[in-house]
Asker: 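Pasting a structure below so you can have a look.
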Amino acid sequence: MMNAGKSSESSVRQSSSNSQAAAASVNNQGSVSSGVLDKARLRDLVKEVDPLEQMDDDVEDVLLQVADDFIENIVSASCQLARHRRSNTLEAKDVQLCLDRSWNMQVPGFGSEELRPYKKSITTEAHKQRMALIRKTLKKY
């Protein structure tokens, strides 16, 4: 039973490292880009939002680094979710759950009806009054 868990964990890790290797691509200048987003695509995205906007090279580098870190964190957390449900396959629902719970992001078109709604409890008026009384007594001391 221990071996099955280890093989599942190693295969999820292997699929994560394979996805990182697949993310490395060669752009049209011939240099290797290690992220999903390259500078040319970033410039295209900025021009779609505002055609007159200009970015410094340092800003481009920082935005590319933030995007790479974001994707790496999401993939890592999603792999942990897949391992938690004892699967050796990373599925869209793992990524979707991670994005929804960590970043409050819902991606349309990927089976959002499968996710259960996650709602915070609503504080009642009685609770608010008790908390106000506690705060009032703490201010006296």
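No experiment lies behind these values; they were computed from the predicted model shown.
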Asker: Find the distance between SG (Cys79) and CG (Asn88) and round it off to the nearest 0.5 Å.
Answerer: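 CG of Asn88 is found 11.0 Å from SG of Cys79.
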
Asker: Any link between Phe70 and Val62 through a network of hydrophobic side chains (Ile, Leu, Val, Met, Phe, Trp, Tyr) touching at under 4.5 Å?
Answerer: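 As far as the 4.5 Å side-chain criterion goes, Val62 and Phe70 are not connected within one cluster.
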
Asker: Just to verify, what does Arg130 make a salt bridge (Lys or Arg N to Asp or Glu O under 4.0 Å) with, not counting sequence neighbours?
Answerer: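 Arg130: no salt bridge (Lys or Arg N to Asp or Glu O under 4.0 Å) contacts found.
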
Asker: Find the distance between CG (Asp44) and CD (Glu48) and round it off to the nearest 0.5 Å.
Answerer: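 Between atom CG of Asp44 and atom CD of Glu48 there are 7.0 Å.
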
Asker: Within a strict 4.5 Å, meaning less than it, do heavy atoms of the Val107 and Gln96 side chains meet?
Answerer: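 No - every pair of side-chain heavy atoms lies 4.5 Å or more apart.
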
Asker: Going by heavy atoms in the side chains, are Val75 and Glu72 under 4.5 Å from each other?
Answerer: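 A side-chain contact under 4.5 Å is absent here.
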
Asker: If you look only at pairs with a residue in residues 53-62, which of them pass as a side chain to side chain donor-acceptor pair (under 3.5 Å), with sequence neighbours excluded?
Answerer: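 Qualifying pairs: Lys39-Asp61, Arg43-Glu60.
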
Asker: Identify the heavy atoms of Pro108 and Gln106 that sit nearest to each other, and give their distance.
Answerer: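 Shortest heavy-atom separation between Pro108 and Gln106 comes out as CD-O, 3.5 Å.
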
Asker: Which heavy atom in Thr89 sits nearest to a heavy atom in Asp94, and how many Å separate them?
Answerer: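 Of all heavy-atom pairs spanning Thr89 and Asp94, the closest is O-OD2, 3.9 Å.
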
Asker: Hydrophobic clustering (ILVMFWY, side-chain heavy atoms < 4.5 Å, transitive) - are Met105 and Val36 grouped together?
Answerer: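 Yes: a chain of side-chain contacts under 4.5 Å links Val36 to Met105.
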
Asker: Name all residues meeting the side chain to side chain contact (heavy atoms under 4.5 Å, CB included) criterion together with Gln65; count only those two or more places apart in sequence or in a different chain, and write none if there are none.
Answerer: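 Only Asp69 meet the side chain to side chain contact (heavy atoms under 4.5 Å, CB included) criterion with Gln65.
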
Asker: Output, in order, the C-alpha distance, side-chain angles, deciding distance and verdict of side chain to side chain contact (heavy atoms under 4.5 Å, CB included) for Leu37 and Leu45.
Answerer: CA-CA 10 Å; Leu37 186 65; Leu45 289 171; 4.0 Å; yes

Asker: In this structure, would Val66 and Val59 fall into the same cluster of hydrophobic residues linked by side-chain contacts under 4.5 Å?
Answerer: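 No, Val66 does not connect to Val59 through the hydrophobic network.
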
Asker: Quick one: name the residues clustered hydrophobically with Met131, using the 4.5 Å side-chain heavy-atom rule over I, L, V, M, F, W, Y, and just say none if it's on its own.
Answerer: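 When side chains under 4.5 Å apart are linked, the cluster holding Met131 also contains Ile134, Leu138.
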
Asker: Just wondering, do Met55 and Leu63 contact through their side chains at under 4.5 Å, heavy atoms?
Answerer: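 In short, these two side chains touch, coming nearer than 4.5 Å.
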
Asker: Could you pull out the closest heavy-atom pair between Ser78 and Val95, with the gap in Å?
Answerer: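 Nearest heavy atoms, Ser78 then Val95: OG-CA, 3.3 Å.
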
Asker: Please identify each residue that fulfils salt bridge (Lys or Arg N to Asp or Glu O under 4.0 Å) with Arg135, with sequence neighbours left out.
Answerer: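 Result, salt bridge (Lys or Arg N to Asp or Glu O under 4.0 Å) vs Arg135: none returned.
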
Asker: Tell me which pairs pass ring-ring contact (aromatic ring centres under 6.0 Å, His included) where either residue lies in residues 39-65, with sequence neighbours left out.
Answerer: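 Output for this query is empty, none listed.
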
Asker: Drop me the distance from Asn73's CG to Cys98's SG, to the nearest 0.5 angstrom.
Answerer: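 Reported to 0.5 Å precision, the distance equals 8.5 Å.
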
Asker: Got a second to check how far Leu97's CG is from Ser102's OG, nearest 0.5 Å?
Answerer: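 The distance works out to 8.0 Å.
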
